[in-house]
Amino acid sequence: MDSTHVSATPLSLALVGNPNCGKTALFNRLTGARQKVANYAGATVERKEGFFVLPSGRHVRVLDLPGAYSLSATSPDEAVTRDVCLGQHPDEQRPDLLLCVADATNLRLHLRFVLELRRLGRPMVLALNMADAAERRGIRIDAKALEQELGFPVIETIAVRKHGTAALLAALDGRLPGPAEPLPEGTDLHAETRRLLAAAVSMPSPTNPTDAAIDRWVLHPVLGLAILAAVMLVVFQSVYAWAGPFSDGIEAGVGALGEWISSTLPEGMLSSLLVDGVIAGVGGVLVFLPQILILFFFILLLEESGYLPRAAFLLDRFMVGAGLSGRAFIPMLSSFACAIPGIMATRSIPNPRDRFLTILVAPMMTCSARLPVYALLIGAFIPDRMVGGIFNLQGLTLFGLYMAGILGALVVAWVARLMGKRASDEQALMLEIPAWRLPNAKDVLLGLKERGMIFLRRAGTLILAISIVLWVLSTFPTPPEDWARPAIEYSFAGRIGHALAFFFEPIGFNWQICVALIPGLAAREVAVAGLASVYAIAGADEANTEQILATALHNEWTLATAFSLLAWYVFAPQCMATLAVVRRETSSWRATAIWAGLLTALAYGAAFLTYHLTAALT
Amino acid sequence: MNLSQLTPGAHATVTRISELSSEDVVAHRLRDLGFVAGEPVSLVALGPFGSDPLLVQVGYTRFALRRSEAARVEVQPGKA
Ligand SMILES: Nc1nc2c(ncn2[C@@H]2O[C@H](COP(=O)(O)OP(=O)(O)OP(=O)(O)O)[C@@H](O)[C@H]2O)c(=O)[nH]1
């Protein structure tokens, strides 16, 4: 094969290895930013593909397969890895070469998987990654001896260092190895791994003393929990404090864009569609981007450093008591900012049942989009006075709403556990607690970009479409000239609101609330603007509008109605963006319908109880 | 004796994995993770609530195992 001929057909590689071997870091190092992230059809497993060019000019297409411990898959992720390696995946061609990645400090585990892959008899190259960490720990690996034993190239790499993959590139550029020679039938892979280790590796101590020292603190039953609480507090505080200026900036930008369009375009349908539909809808969701990015920044830091599995270790028993798994901790935490990244983070939960349950309860955590609605209603109905000398009644109410969501989630998870007892009894944890590592800036940034793009793509497609539909519903048909009441009342949304009033009457909602809930489907906080338009309130500026609206609500609604709406807001799945993410993450309309149905029933029940209890007491 | 009965800091050697059924996925996975006869293991730490899960070192790797999982790993106490 001459080189001009070779460069015509791209070489296809698949990166295979155990979780945490540094595959993603190696993938990033090889491909730079030339990556495409998508989902496998019908599955929630991420598909990462990238491209790079070898020094000779040959093009390479590389697939980053999900980490796996074995070809006997126990999760959808591992099943994808198995199918691609076996050449049985419906959407994936069999790769020309398996680029196996093993952590040089963890060879007892990782070499066994390499040997399992060797059985497939495919062309293989082994990258002994984290060569720097191995060297620091005094681990010596005779790569030549290992290569001789295995029969395919073995190359040391340092995925996080600039020239750490030069030797690998050189090896891939030369003549590719032929199919790996399978081991004799019936070979015990564990025994073979031990033999290879004895022949080629010398390791002074099985553990890293620094890691052990850190873990004595971090995994300590009391101190460990205190550290966890402190970490959570810092993450939270930063999400709210740092995102503020950026969100305000985006909000101001969106507002300015809207104003510019309204002043440039002639008044009419087009201007209204752009300003009230598209910009208000998409912009309303976009303001959460800073919070989502900051949150993911911390999650990536915690993930890369190795803290997340440790948090899961600390909380597992507690979460199991509530019917969840220790791995549900991060999705739940994220959902306090926004349920969308929370639901996206459930990907790390391998068990489908645990995962669905986490998706079900995550939106009950009070997200930041609920705050404007809570603030409006609390301001209108709860007197601003002190109780017990130190607590503010309004603050206590807000705290109560947060707690209602958390308790609701625990109760739902607990009930689900009782109902599915048999199925859930044998939930496996078997979670690897990896070595501590200093997060790598490049990998964190690429991860952040990837998450940000997923969110933006949502905002650009589905959320855009939903915003337009909701605008059409609240604009058409346009009222006749002599229509004295708010225009929205004449529209489809108004009519739907009136029709829904029958259904919502038992929980104390008047038709105005029902109408306002419809635009509120785009993003929860848009309901505030919705209420303002049904009550035909327009102040000189936003703060003024809210003030007048609060007074109007106070006069129009009973306390029972206000509390009932708050209770509804704690549970109702009414944010369409969340619904879209649930559909995407479960890949099933049925599961999405069950999800929405359960949460709606819960919200209705909670609002019903709240309404009648408050009415009876006041 | 099984792994879940060790005290923190104790070392032992795996003797076998007991299967609860003929197709015990957990037992199979434990073997893939390196819990096979002759392998040295040690109990590193216990979780804060109800001493569950267990942090176990096998080979060069540490895993968090729930009690029910660790109970499948039969061990012979003592440093190998
Ligand atoms: N010191 C050192 N750290 C590395 C090297 N390669 C990767 N890392 C770090 O190891 C950690 C895990 O790397 P990832 O690339 O996320 O591992 P992965 O194999 O993709 O893990 P999964 O996505 O869970 O399968 C990260 O913190 C990396 O920065 C290396 O060669 N040397």
Side-chain angles (χ1 to χ4, degrees), chain A residues 18 20 68-72 74 103 105-110 112-113 116 137 139 188-191 193-194 197 203 205-208 211-212 215-216 218-225 228 309-310 312-321 325-326 425-435, chain B residues 3-4 7-9 11-73 79-80:
Chain A
N18 286 74
N20 280 307
Y69 287 104
S70 148
L71 290 175
S72 331
T74 57
D103 174 353
T105 65
N106 204 353
L107 285 178
R108 173 63 186 87
L109 180 67
H110 292 194
R112 194 210 67 88
F113 186 42
E116 197 179 343
R137 279 181 48 193
I139 301 169
D188 177 2
L189 296 183
H190 289 287
T193 307
R194 287 187 199 142
L197 290 178
M203 186 169 253
S205 106
T207 37
N208 182 346
D211 279 12
D215 280 341
R216 255 197 295 283
V218 171
L219 299 181
H220 187 274
V222 180
L223 265 175
L225 289 175
L228 179 62
R310 287 169 169 87
F313 170 81
L314 287 172
L315 291 177
D316 186 67
R317 184 55 204 271
F318 173 73
M319 302 288 264
V320 168
S325 120
D425 253 357
E426 254 310 84
Q427 282 321 315
L429 179 67
M430 297 190 280
L431 177 70
E432 185 178 349
I433 306 294
Chain B
L3 193 49
S4 73
T7 46
H11 292 259
T13 307
V14 178
T15 50
R16 65 183 206 101
I17 303 288
S18 41
E19 310 208 359
L20 298 189
S21 63
S22 56
E23 273 184 57
D24 190 339
V25 193
V26 173
H28 192 123
R29 179 44 56 116
L30 282 169
R31 265 186 229 114
D32 282 348
L33 296 181
F35 293 91
V36 288
E39 205 67 32
V41 289
S42 64
L43 185 65
V44 182
L46 297 172
F49 304 104
S51 301
D52 194 16
L54 295 82
L55 185 61
V56 178
Q57 167 112 18
V58 58
Y60 314 146
T61 323
R62 279 170 305 160
F63 291 98
L65 300 184
R66 292 202 182 125
R67 289 208 158 261
S68 63
E69 292 154 13
R72 286 181 171 82
V73 183
K79 225 166 176 147

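Proteins come first, then strands; the chains are lettered A, B, ... in the order of their sequence lines, and each starts at number 1. Just the heavy atoms: all of them, side chains too, but no hydrogens, waters or symmetry mates, feed the values below.
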> Specify the closest pair of heavy atoms between A/H190 and B/D32, including all atoms of both residues, with the distance to one decimal.
CE1-O, 4.3 Å

> Give me the atom names and distance for the closest heavy-atom approach of B/R29 to A/S72.
NH2-O, 3.1 Å

> Kindly list each side-chain donor-acceptor pair under 3.5 angstrom involving residues 37-64 of chain B, sequence neighbours excluded, with atom names and distances?
residue, atom, partner, partner atom, Å
B/E39, OE1, A/R108, NE, 3.4
B/E39, OE1, A/R108, NH2, 2.9
B/E39, OE1, A/R194, NE, 3.0
B/E39, OE1, A/R194, NH2, 2.6
B/E39, OE2, A/R108, NE, 2.9
B/D52, OD1, B/R67, N, 3.1
B/Q57, NE2, B/G59, O, 3.0
B/T61, OG1, A/N106, OD1, 2.5
B/R62, NH1, A/D215, OD2, 2.9
B/R62, NH2, A/D215, OD2, 3.4

> Checking A/L189 against chain B: side chain, backbone, both or neither under 4.5 Å from a heavy atom?
neither

> Do the non-hydrogen side-chain atoms of B/V25 and A/T74 ever get within less than 4.5 Å of each other?
yes

> For A/L225, is it the side chain, the backbone, both, or neither that has a heavy atom closer than 4.5 Å to a heavy atom of chain B?
side chain

> I need the A/S70 OG to B/R31 CZ distance, nearest 0.5 Å.
11.5 Å

> Once rounded to the nearest 0.5 Å, what's the spacing between atom CD of B/E69 and atom CG of A/L429?
5.5 Å

> Residues in side-chain contact (heavy atoms from CB on, under 4.5 Å) with A/R216, at least two apart?
A/A213

> For chain B, find which of A/L109, A/L107, A/L431 contributes the most heavy-atom pairs closer than 4.5 angstrom.
A/L431

> Side chain, backbone, both or neither: which part of A/T193 has an atom under 4.5 Å from a heavy atom of chain B?
neither

> Is the backbone N or O of B/L33 less than 3.5 Å from a side-chain atom of A/R112, with the two atoms forming a donor-acceptor pair by type?
no

> Given a strict heavy-atom distance threshold of 4.5 Å, which part of A/V222 is in contact with chain B: side chain, backbone, both, or neither?
neither

